Amino acid sequence: IDRVELVNRVDCCDPRLAGLVLRILNAASNSVASVTLTNPGAGGTYTYRPPPGITGRYVKVGLENGQLNGGGNFYVTLAEARGRSLRLMS
C-alpha cells in the first residue's frame with residue numbers, strides 16, 4: 001500500500017473523522033502501520049503514506065479502546081476510502 005486516502009463528508013459532521021485510527025494490516029491481520037486521524041475539514045481528504053517497505057493487505061478505520069471521535073461521540077462516518085498501491089513489475 002503506497003497511500004490511503006479518506007474523504008470526509010461535506011454535508012455534515014466533519015469533526016467525526018478526527019480521532020479515528022487508520023491501520024494497515026498484513027495478510028495475517030496484524031497491524032503493520034497506523035495513524036490517528038485529524039480533521040481535514042468538510043469534504044477534505046486525509047492522506048496517509050505509510051513508511052517505505054510496508055506491505056499490507058487490509059485497511060481498517062475505526063475507534064479503538066472506547067475513544068470518542070472529534071465530535072465527542074462514537075460515530076464513524078466518511079464519504080469515501082481509497083487505497084493506492086504501486087506494484088513494480090520485474
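All figures in this text were calculated on a predicted structure; none of them were measured in a lab. Position 1 is the first residue of the sequence, and the numbers go up from there.
What you find for E5 and T45 is that their closest heavy atoms are CB-CG2, 3.9 Å. Taking each heavy atom of A79 and N8 in turn, the nearest pair found is CB-O, 3.8 Å. When all heavy atoms of Y58 and S29 are compared, the pair lying nearest together is CE1-OG, 4.0 Å. A pairwise comparison of heavy atoms in L17 and L37 identifies O-CB, 3.5 Å as the closest pair. In plain terms, the two heavy atoms of L68 and G72 that are nearest each other are CD1-O, 3.8 Å.
To the nearest 0.5 Å, the span separating CG on L20 from OG1 on T38 amounts to 10.5 Å.
Linking Ile, Leu, Val, Met, Phe, Trp and Tyr residues whenever their side-chain heavy atoms come within less than 4.5 Å leaves V7 and L78 in two separate clusters. Transitive grouping of hydrophobic side chains (ILVMFWY, heavy atoms separated by less than 4.5 Å) brings V76 and I24 into a common cluster.
Judged by distance alone, the side chains of S31 and R23 do bring a donor and an acceptor atom under 3.5 Å apart.
Atom CZ of R82 has more than 12 neighbouring heavy atoms from other residues, nucleotides or ligands inside a 6.0 Å radius.
With V21 as reference, T36 is the one residue of L63, N65, V61, T36 to meet the side-chain contact (heavy atoms from CB on, under 4.5 Å) rule. Under the side-chain contact (heavy atoms from CB on, under 4.5 Å) rule, R49 has a single partner from D2, I1, I54, V35, which is D2.
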